[in-house]
Amino acid sequence: MKQLSSYEIIWGMVRQIPKGKVATYGQVASESGFPGQARLVGYALHALPHHADVPWQRVINSQGRISFPPGSGASRRQRRLLTSEGVIFDGDKIRLERFGWMMSPRRK
DNA sequence: AACGTGACAAGGC
DNA sequence: AGCCTTGCCACGT
């Protein structure tokens, strides 16, 4: 398995998201120095070692929702972790107050 | 080396 | 609110 510094930069950025808060893939990408490359963040998290000390659950999509298929094991796992950290859901969307690590997500 | 894929995002209907 | 298209770019085939 290869080692790209871009992954490590992204992982380090995700580690900085405070407990109880969340950030979007796009925000993490920008702060990591890769503006517009949200997919890269998803890819980096996907490649994350399972035992790594990185709060991957705090990264969500721009809609304020979990990006795993609804009902999937991964989706429920992420929601459980976030809920245990105090993050509050409004249906399948996370409450806006819980954003704010950097900026608010777009809303429709 | 080309191609398809993906834990995304933004814009148009 | 949904669905579709395009822009992204690192990865595994």
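In this text, all values refer to a predicted model and were calculated from it rather than measured experimentally.
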To check you understand the geometry: which heavy-atom pair defines the closest contact between [X] and [Y], and what is its length?
X	Y	answer
A:Trp56	A:Leu48	CB-CD2, 4.0 Å
A:Ala44	A:Tyr7	CB-CD1, 3.8 Å
A:Ser32	A:Ile9	O-CG2, 3.5 Å

How close or far is atom [atom2] of [N] from atom [atom1] of [X], stated in whole angstroms?
X	N	atom1	atom2	value
A:Tyr25	B:dA10	OH	P	14 Å
A:Arg65	B:dC8	CZ	C1'	14 Å
A:Leu48	B:dG6	CG	P	19 Å
A:Glu31	B:dC8	CD	P	20 Å
A:Arg79	B:dA7	CZ	P	21 Å
A:Gln57	B:dA7	CD	P	18 Å
A:Trp11	B:dA7	CH2	P	16 Å
A:Ile9	C:dA10	CD1	P	12 Å

| said: What I'd like to find out is whether the side chain of A:Pro49 reaches to under 4.5 Å of the side chain of A:Trp11, using heavy atoms alone. | reply: yes
| message | Could you check whether any side-chain heavy atom of A:Phe89 comes within less than 4.5 Å of a side-chain heavy atom of A:Leu82, counting everything from C-beta outward? | response |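 Of all side-chain heavy-atom pairs linking A:Leu82 with A:Phe89, at least one is under 4.5 Å.
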| remark: Closest of B:dA9, B:dA7, C:dA10 to the A:Thr24 side chain is B:dA9
| Residue pairs fulfilling salt bridge (charged side-chain N to carboxylate O under 4.0 Å, His left out) with at least one residue in residues 71-83 of chain A, sequence neighbours excluded | none
Using the 3.5 Å cut-off, write out each protein N or O paired with an N or O of nucleotides 6-9 of chain C and the distance between them.
unit_1: C:dG7; atom_1: O6; unit_2: A:Arg39; atom_2: NH1; d: 3.1

| said: Looking at A:Tyr43 and C:dA10, is any side-chain donor or acceptor paired with a base atom of the opposite kind under 3.5 Å? | reply: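 Such a pair does not exist between side chain and base.
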| field | DNA chain B contacts made by residues 66-74 of chain A, counting heavy atoms under 4.0 Å | value |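 Here the set is A:Ser67, A:Phe68.
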| task | Tell me yes or no: between the side chains of A:Gln16 and A:Glu31, is some donor less than 3.5 Å from an acceptor? | result | no
| Pick one: which of A:Arg58, A:Lys19, A:Lys21 meets side-chain hydrogen bond (donor to acceptor under 3.5 Å, both in side chains) with A:Glu85? | A:Arg58
| Test applied, side chain to side chain contact (heavy atoms under 4.5 Å, CB included); reference residue, A:Val59; option that passes from A:Thr24, A:Ile66, A:Val14, A:Ile10 |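 Of the listed options, the one satisfying the test is A:Val14.
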